[in-house]
Every structure is written in C-alpha cells, then in structure tokens.
Amino acid sequence: MSLALVGAGREAAVSPKLWRDDFPILGERVHGKPLAYLDNAATTQKPQAVIDALAGYYAHDNANVHRGVHTLSQRATDAYEAARAKVRGFINARQAEEIVFVRGATEAINLVAASFARPRLAPGDEIVLSAMEHHSNIVPWQLACAATGAVLKVVPIGDDGAFLPEAYEALLGPRTKLVAMTHLSNALGTVTPARWIVERAHAAGVPVLLDGAQAISHLAVDVGALGCDFYAFSGHKVFGPTGIGVLYGKAERLRSMVPYQGGGDMIRTVTFEESRFADIPYRFEAGTPNIAGAVGLGAALDYVSAVGMGAIAAHERELVAYATRELERIPGLRIVGTAKEKASIVSFTLEGVHPHDIGTIVDHAGVAIRAGHHCAMPVMQRFGIPGTARASFALYNTLDEVDALVAGVDEARRMFR
Ligand SMILES: *Cc1c(COP(=O)(O)O)cnc(C)c1O
C-alpha cells in the first residue's frame with residue numbers, strides 16, 4: 001500500500017483537537033515521534049482536571065475520613081462522599097449507598113464472588129458467563145466454584161465474536177445461581193445486549209453482575225435501565241486514577257451480603273466477642289480508603305459528562321470504522337472481532353508476524369498498542385491464535401494517529417516479508 005493513499009476519503013472528526021489539549025501526556029514524544037496512544041483498553045490518560053483534583057486534594061484537604069471531628073477530616077469526608085454522589089449520578093444508581101469504592105473492577109468482582117456468591121452456592125450450582133470474559137471475570141468465579149462445588153457454564157461466541165443470545169438462553173437453567181457477563185469485551189470490542197441479558201436472567205430468578213470495565217468510558221451506562229444487580233468498573237479506564245474503582249450493587253443485594261474484609265471503618269462496634277458491622281456501603285470499605293483516588297474519579301466523571309457520551313461514542317465509531325477500513329487493506333491482516341455490535345477496539349493479526357513484533361515496531365513510530373492475549377486467554381483459544389495486536393481508542397484519538405498505526409503495521413509486514 002502506498003502512504004499517499006492513507007487517509008483518503010476520511011470524514012471530519014468531531015473535535016479531538018480540543019479534547020487533546022486537556023491531556024498533558026499527549027504532548028510526549030516517543031522515539032522522537034509524537035505519541036499516538038492507542039492502548040486505552042489497558043488504561044486511559046488523565047485530563048488536567050483530574051491531575052489538578054488529586055493535587056488540590058493533597059494540597060488543601062488531606063486527612064482521614066469518617067473519623068476526626070477536625071475541619072480537614074470533615075473536608076476530606078465531604079470530598080470523598082461528594083465523589084460517591086458523582087458516581088451515583090453518572091451511572092444513575094438510586095442511592096449513594098449503592099456505590100462501594102474498591103480498588104478496581106477486579107476487586108469489585110472478587111467482592112461479589114466472596115460475599116454474595118460463595119455463601120449461596122452449593123455443589124452442582126451454576127454460574128453463567130461468556131467465552132469473551134476478561135480473566136478478572138473468570139478467576140474469581142473459579143475460586144468460588146472450587147470452594148463450593150459449583151460449576152461455570154460458558155456461553156459460546158460466534159466466529160465474528162458476537163454474543164449468541166440463543167446459546168445464552170439455553171444455558172439458563174434451574175441450577176443457575178448467577179450470571180456474570182461483560183458489557184464490552186476488551187479483547188474483541190463486542191458489546192453485549194446487557195439489558196436483555198439481565199431481563200432473561202431475572203425472568204429465571206437469577207441475579208446478574210455486569211463487568212463494565214470497558215463499557216464505562218464508551219457507552220452511556222444506566223444501571224437503572226440495565227436493571228443489573230451489580231456493576232463493576234475501574235477508575236483508571238475512564239480517565240481517573242489507578243487504585244480506585246466502583247462496585248454498584250442494588251441496596252437490597254448489598255444489605256444481604258456479609259463483609260468482604262474486616263478492619264477499621266466497616267464496623268459499628270467491636271468487642272473481642274463480636275463485631276457489629278456498619279451499614280452499606282461502609283461495610284465493604286474496610287481500612288482507610290483511596291480518598292484522593294475517589295476525588296480524582298469524581299473529577300474524571302465530571303469531565304466525561306461535560307464532553308458528553310454521545311459525542312465520545314460518535315467520535316470513536318468514526319475511528320473504529322476508519323481503522324478497520326485502512327487496516328484491512330494491508331495484505332495478510334485479519335481483524336479478530338467483527339461483531340455488528342462493537343465499540344472502541346480493533347484487534348488484529350498479521351500473517352507471519354507475531355503480535356509482539358507488531359507492537360515493538362509500531363512503538364518505534366510512536367504508536368502505543370497492546371499485543372498478546374489481553375487477559376482473555378479463552379478468547380485467543382476460541383480463535384486458535386496466541387494473541388492479537390490491539391488498538392483501542394478514546395475520545396482524544398485522531399485519524400492521524402490511525403494513519404500512523406496503519407503505516408507502522410505496514411512497515412512490520414514489509415520487514416517480515
Ligand atoms: C481491565 C478490565 C478488567 C479489570 O480491571 P482492573 O482495573 O485491572 O481491575 C476487567 N474486565 C475488563 C473487561 C477489563 O477490560
């Protein structure tokens with residue numbers, strides 16, 4: 001392919017130039033080239049507003065929460081609870097107490113596996129998940145199964161990576177105790193029919209956890225409309241800090257659950273004979289929480305709301321369509337995951353070139369992508385490949401960056417020819 005053809009026939013982007021200026025790291029140069037950061041499914045970059053919120057919290061408000069009567073402690077507590085209120089609004093939960101702060105999606109899922117699933121599982125009971133889950137939505141359930149004798153039932157996916165509704169319905173049975181399903185696959189970009197998945201499960205009396213680690217920054221997430229019992233996501237994948245995440249749980253579900261960890265802040269009274277646990281959500285927030293992280297996450301969600309999920313989704317649709325079209329012109333390149341319902345991610349293989357070599361070669365052109373199994377080894381097994389190269393987009397990416405990716409991948413092809 002000739003570079004002159006790269007970029008032919010592309011439409012005007014929404015306004016990524018404006019958004020780019022909000023993210024200082026995007027001005028970095030890598031190997032002397034402008035950084036093209038296309039690894040957003042692994043983690044997203046942070047707008048200045050988030051960096052300022054973190055610094056501002058530490059510069060002006062830092063103290064421990066829920067304990068002191070002094071002014072700073074009150075300010076820190078107010079900031080922490082204001083962040084919880086922002087999360088509630090962002091995902092349209094009914095009450096702030098349905099928002100549990102955790103370290104990330106992984107911890108949120110482990111919390112549900114340990115505190116909700118384990119006490120309810122008996123030998124032969126079934127947990128339904130899909131063949132495109134992230135390891136974080138597989139291994140916690142395997143641990144729960146190992147402890148209880150329950151078993152996993154895996155909904156297969158189509159050759160295009162699509163969710164298969166009939167296969168899902170066929171797996172919902174009298175022994176199903178929980179459905180744990182991704183909302184957006186990090187390996188394929190497939191968007192699942194989450195609302196319908198919840199409806200079908202609820203019709204069978206089965207609660208549902210949705211893994212929203214990817215969806216949260218690409219789709220409008222409304223837990224009220226979805227109807228799910230639990231929703232898990234990480235702050236760092238939605239332009240917030242690492243080390244902070246959210247478990248949303250319906251209040252009645254959370255109230256029915258035993259604590260996940262014991263310690264300070266999660267109790268009402270403690271004697272050596274017994275401890276009485278605090279109300280939700282504090283019951284699940286043992287120890288000093290990531291206060292600054294929560295504040296940063298609140299700022300990130302404010303930022304996303306100001307940009308608007310509609311504008312983000314439209315811009316990313318254009319990037320995915322353009323990247324797909326341009327990459328497919330490279331001889332020997334195959335896109336893995338071409339489901340109709342798809343967002344923000346383009347996974348691909350290149351004949352004769354290992355994904356890691358693609359990643360290294362495009363890095364020299366300043367392009368950051370991920371190569372490997374993307375913490376979803378069963379997906380790779382499903383397609384009979386060791387891994388893929390994956391470009392994943394966010395609101396600040398541009399068509400020029402896609403051009404840099406395509407040129408880099410074409411370079412890799414020529415080097416290995
Ligand atoms: C990243 C990711 C996770 C795990 O998130 P952590 O931040 O590592 O806890 C879970 N599921 C999906 C779909 C992901 O993309």
Side-chain angles (χ1 to χ4, degrees), residues 38-46 50 87 91 100-114 127 129-143 154-155 157 161 163 179-192 194 197 208-219 221 226 228 230-248 260 284 289-290 293-294 296-297 300-301 316 336-337 339 341-347 368-380 382 387-388 390-394:
L38 303 179
D39 193 17
N40 295 286
T43 198
T44 54
Q45 300 302 347
K46 318 307 170 197
V50 169
V87 174
I91 63 172
V100 181
F101 281 127
V102 291
R103 273 196 301 134
T106 301
E107 188 175 46
I109 296 167
N110 275 280
L111 195 168
V112 176
I127 299 173
L129 37 72
S130 84
M132 59 182 144
E133 300 307 322
H134 187 283
H135 295 163
S136 291
N137 199 30
I138 300 173
V139 183
W141 309 117
Q142 285 176 331
L143 293 171
V154 182
V155 183
I157 52 177
F163 181 81
V179 169
M181 200 70 74
T182 191
H183 195 180
L184 199 175
S185 156
N186 68 304
L188 302 168
T190 306
V191 177
T192 59
I197 287 169
V208 180
L209 173 140
L210 294 175
D211 174 357
Q214 289 300 328
I216 194 69
S217 64
H218 306 289
L219 311 173
V221 172
L226 288 167
C228 55
F230 301 102
Y231 198 93
F233 69 91
S234 300
H236 72 97
K237 289 188 179 171
V238 59
F239 315 109
T242 50
I244 187 75
V246 170
L247 172 67
Y248 157 81
Y260 174 48
F284 303 108
N290 185 352
L297 174 57
L301 298 183
E316 290 177 354
V336 181
E341 301 301 328
K342 165 170 182 177
S344 73
I345 283 165
V346 180
S347 244
I369 60 168
R370 179 92 160 219
H373 55 64
H374 318 299
C375 294
M377 287 174 115
V379 173
M380 303 305 141
R382 163 68 177 81
T388 68
R390 179 189 71 185
S392 51
F393 301 106

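Order of listing sets the numbers, starting from 1, for every ligand and every atom in it. Quantities reported herein were computed from a predicted structural model and do not represent experimental measurements.
- Taking each of S234, S185, G245 in turn, the one with a heavy atom nearest to atom 6 (P) of ligand 1 proves to be S234.
- Summarising the geometry, atom CD belonging to E316 is positioned 5.5 Å from atom OG belonging to S344; distances are rounded to the nearest 0.5 Å.
- Between S392 and A41, the closest heavy-atom pair is OG-N, 2.8 Å.
- The aromatic ring centres of H135 and H373 sit less than 6.0 Å apart.
- Close contacts between ligand 1 and T106 involve ligand atoms 4 (C), 5 (O), 6 (P), 8 (O), 9 (O) [criterion: under 4.0 Å to a heavy atom].
- Applying the salt bridge (charged side-chain N to carboxylate O under 4.0 Å, His left out) rule to R370 yields no partners; only residues at least two apart in sequence or on another chain are considered.
- One option in T242, V102, N137, D211 has a heavy atom closer to atom 10 (C) of ligand 1 than any other, and that option is D211.
- Counting heavy atoms only, K237 comes closest to atom 2 (C) of ligand 1 of the residues E107, K237, Q214.
- Here T192 contributes atom OG1 and I157 contributes atom CD1; the two are 11.5 Å apart, rounded to the nearest 0.5 Å.
- Ligand 1 has no N or O atom lying under 3.5 Å from any N or O atom of S136, backbone or side chain.
- Heavy atoms of H236 approach ligand 1 to within less than 4.0 angstrom.
- Considering only residues two or more places apart in sequence or on other chains, F230 meets the ring-ring contact (aromatic ring centres under 6.0 Å, His included) condition with F116.
- For A105, heavy-atom contacts with ligand 1 shorter than 4.0 Å involve the backbone as well as the side chain.
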